[in-house]
Student: 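I'd like to ask you about the structure that follows.
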Protein chains: 2
Amino acid sequence: MAAADELFYRQGFDHTSFADIAGAVKLSRGNFYYHFRTKDEILDAVIDRRLEATRAMLAGWAAEGASPVARIECFVRILIMNQIRIMAYGCPVGTLCQELAKLDHAARARAADVFALFRDWLTAEFEALGAGDEAGALALHVLGWSQGTAALANAFKDEVFVRREVDGMCAWLAAQARRLARARR
Amino acid sequence: MAAADELFYRQGFDHTSFADIAGAVKLSRGNFYYHFRTKDEILDAVIDRRLEATRAMLAGWAAEGASPVARIECFVRILIMNQIRIMAYGCPVGTLCQELAKLDHAARARAADVFALFRDWLTAEFEALGAGDEAGALALHVLGWSQGTAALANAFKDEVFVRREVDGMCAWLAAQARRLARARR
DNA sequence: GTCTATACCATGATAGAC
DNA sequence: GTCTATCATGGTATAGAC
């Protein structure tokens with residue numbers, strides 16, 4: 001499953017064959033079918049894996065960050081931490097969603113659930129900042145911003161751009177926090 | 001070429017077969033090979049087509065918009081104009097770049113040239129606004145913002161989100177124009 | 001220029017020996 | 001659980017008749 005996850009990320013789901021995955025874990029194709037009967041079955045398993053990994057990561061950030069702003073900054077910083085892989089292969093979440101959309105694949109909605117985890121987590125953090133009804137919109141804005149940054153990082157391989165957008169996101173976040181603090185008083 | 005362009009957009013390049021394209025224009029597969037000898041050849045033709053169409057569109061906006069802000073707003077509004085197709089298939093430019101990146105395809109750089117056309121056009125508009133050295137960064141920011149909006153529009157199929165981000169972009173643009181006008185004085 | 005026929009290969013998937 | 005052998009399908013690409 002880890003090998004399939006990595007190959008789906010690097011080569012795309014459709015372009016990755018059973019032979020690729022079996023070869024990566026040094027199994028014969030025949031044996032591979034003992035574990036996963038169809039390609040959709042291993043895709044489901046990979047998405048489950050990603051959902052679980054995402055939940056664990058978000059829980060980690062919740063424990064790590066002292067304030068909502070610090071926690072949201074953990075999210076923003078994955079663009080820097082995974083910069084090399086994002087420049088080569090894009091965002092794992094966004095690219096899978098987009099591919100499954102083009103394939104009109106049944107698992108499309110489940111792939112979008114990974115995005116939904118980030119969205120809901122960010123929404124909760126903005127609510128903790130006092131954003132109220134606005135929290136969902138702010139969460140989607142940050143999520144979209146990071147997606148756009150990943151897309152252009154992949155297209156142009158421009159490290160300076162990524163750094164600048166991340167700094168911009170942090171500055172925007174601080175400004176939002178100040179604005180919401182003022183509104184609270 | 002138009003049929004291939006549309007199919008590459010809707011189904012992805014890799015997932016579209018010669019039979020699909022030949023069938024769409026009611027040609028036999030054999031005959032199709034008379035016109036395009038390899039799949040890469042038709043991909044090159046499609047990218048050329050897109051480059052040309054993009055140049056024409058940008059030239060149209062240059063003529064249409066009375067001011068740099070009005071012209072950049074033309075760019076922002078394609079998210080609204082193409083909303084239905086973007087929600088179904090994503091941004092044509094971004095999704096092709098991402099797919100070719102995963103396929104590690106030789107045409108990857110040429111696909112990114114379409115992005116570069118938008119980037120350079122936006123840079124020139126921000127320069128006309130008086131942004132100077134900052135123009136390139138502002139151009140990439142707008143381009144990334146629209147890419148992120150397209151990515152989430154595709155994942156969540158949320159029309160309200162798209163409208164809100166477009167309004168946000170226009171407001172941001174107006175604020176930048178005011179800031180640059182003040183700095184000029 | 002257009003077609004049929006076909007070579008050739010990779011793929012998803014199965015059967016069955018060990 | 002692991003393997004080899006095999007099948008059916010569909011893909012890119014070519015040859016050659018008309």
Side-chain angles (χ1 to χ4, degrees), chain A residues 1-50 89-90 92 95-111, chain B residues 1-50 89-90 92 95-111:
Chain A
M1 278 160 47
D5 194 338
E6 180 69 13
L7 285 169
F8 288 172
Y9 175 42
R10 277 162 39 182
Q11 310 184 345
F13 166 69
D14 200 50
H15 197 64
T16 299
S17 70
F18 272 45
D20 290 338
I21 308 168
V25 291
K26 298 204 167 73
L27 273 183
S28 69
R29 264 177 318 194
N31 185 16
F32 192 83
Y33 276 88
Y34 174 78
H35 299 283
F36 299 96
R37 297 168 75 87
T38 69
K39 208 177 173 184
D40 291 354
E41 205 170 284
I42 192 163
L43 175 62
D44 278 337
V46 165
I47 294 176
D48 281 340
R49 223 181 110 86
R50 292 191 184 184
Y89 314 112
T95 54
L96 183 64
C97 274
Q98 248 171 17
E99 182 179 5
L100 296 183
K102 300 242 178 200
L103 300 181
D104 201 19
H105 195 286
R108 179 184 182 173
R110 295 195 61 240
Chain B
M1 278 162 45
D5 194 338
E6 181 69 14
L7 285 169
F8 288 172
Y9 175 42
R10 278 161 41 182
Q11 311 185 342
F13 166 70
D14 200 50
H15 196 65
T16 299
S17 70
F18 272 46
D20 290 338
I21 307 169
V25 292
K26 298 204 166 71
L27 272 184
S28 69
R29 265 175 312 180
N31 187 15
F32 192 83
Y33 276 88
Y34 174 78
H35 299 284
F36 299 97
R37 298 167 75 88
T38 68
K39 208 178 172 184
D40 291 354
E41 206 170 284
I42 192 164
L43 175 62
D44 278 337
V46 165
I47 294 176
D48 281 340
R49 225 181 108 86
R50 293 193 184 182
Y89 315 113
T95 54
L96 183 65
C97 273
Q98 245 168 20
E99 181 180 3
L100 296 184
K102 299 241 178 200
L103 300 182
D104 200 20
H105 194 286
R108 178 183 184 176
R110 294 195 61 239

Student: Looking only at heavy atoms, what is the nearest atom pair of A:Ala24 and A:Ala3, with distance?
Tutor: CB-CB, 4.1 Å
Student: What residues in residues 7-20 of chain B put a non-hydrogen atom under 4.0 Å from any atom of DNA chain D?
Tutor: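 Heavy-atom cutoff 4.0 Å gives B:Thr16, B:Ser17, B:Phe18.
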Student: Contact boundaries of DNA chain D with chain A (under 4.0 Å, heavy atoms), 5' to 3'?
Tutor: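 Span of nucleotides near chain A: D:dG1 to D:dT4.
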Student: Is it the case that the side chains of B:Gln98 and A:Thr95 hold a donor-acceptor pair, with the cut-off being a distance below 3.5 Å and no angle test?
Tutor: no
Student: Is it true that A:Asp104 and B:Arg10 have a side-chain N and a carboxylate O under 4.0 angstrom from each other?
Tutor: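 No, this pair does not count.
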Student: Say whether, by atom type as modelled, one donor and one acceptor occur between the side chain of A:Asp5 and the main chain of A:Ala2 under 3.5 angstrom.
Tutor: no
Student: Distance alone, cut at 3.5 Å: any donor-acceptor contact between the side chains of B:Asp20 and B:His15?
Tutor: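 Side-chain D/A pair, B:Asp20 to B:His15: absent.
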Student: Using modelled atom types and a 3.5 Å cut-off, is there a donor and acceptor pairing between side-chain atoms of A:Tyr89 and backbone atoms of A:Gly12?
Tutor: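 Pair absent, no side-chain N/O of A:Tyr89 close to backbone of A:Gly12.
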Student: What pair of heavy atoms forms the shortest contact from B:Arg108 to B:Leu100, and how long is it?
Tutor: CA-CB, 4.0 Å
Student: Hey, mind stepping through B:Asp14 and B:Lys102 against side-chain contact (heavy atoms from CB on, under 4.5 Å) and telling me if it holds?
Tutor: CA-CA 11 Å; B:Asp14 200 50; B:Lys102 299 241 178 200; over 6 Å; no
Student: Minimum heavy-atom separation for A:Arg50 and A:Phe8, please, with both atom names.
Tutor: NH2-CB, 4.2 Å
Student: For DNA chain C, find the residues of residues 28-39 of chain B with a heavy-atom distance under 4.0 Å and give them by number; none if there aren't any.
Tutor: B:Ser28, B:Gly30, B:Asn31, B:Tyr34, B:His35
Student: Write down the distance between CD1 (A:Ile42) and P (C:dT11), rounded to a whole number of angstrom.
Tutor: 15 Å
Student: Looking at B:Phe36 versus B:Phe18, is the centre-to-centre ring distance below 6.0 Å?
Tutor: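 No, the ring of B:Phe36 stays outside the 6.0 Å limit from the ring of B:Phe18, centre to centre.
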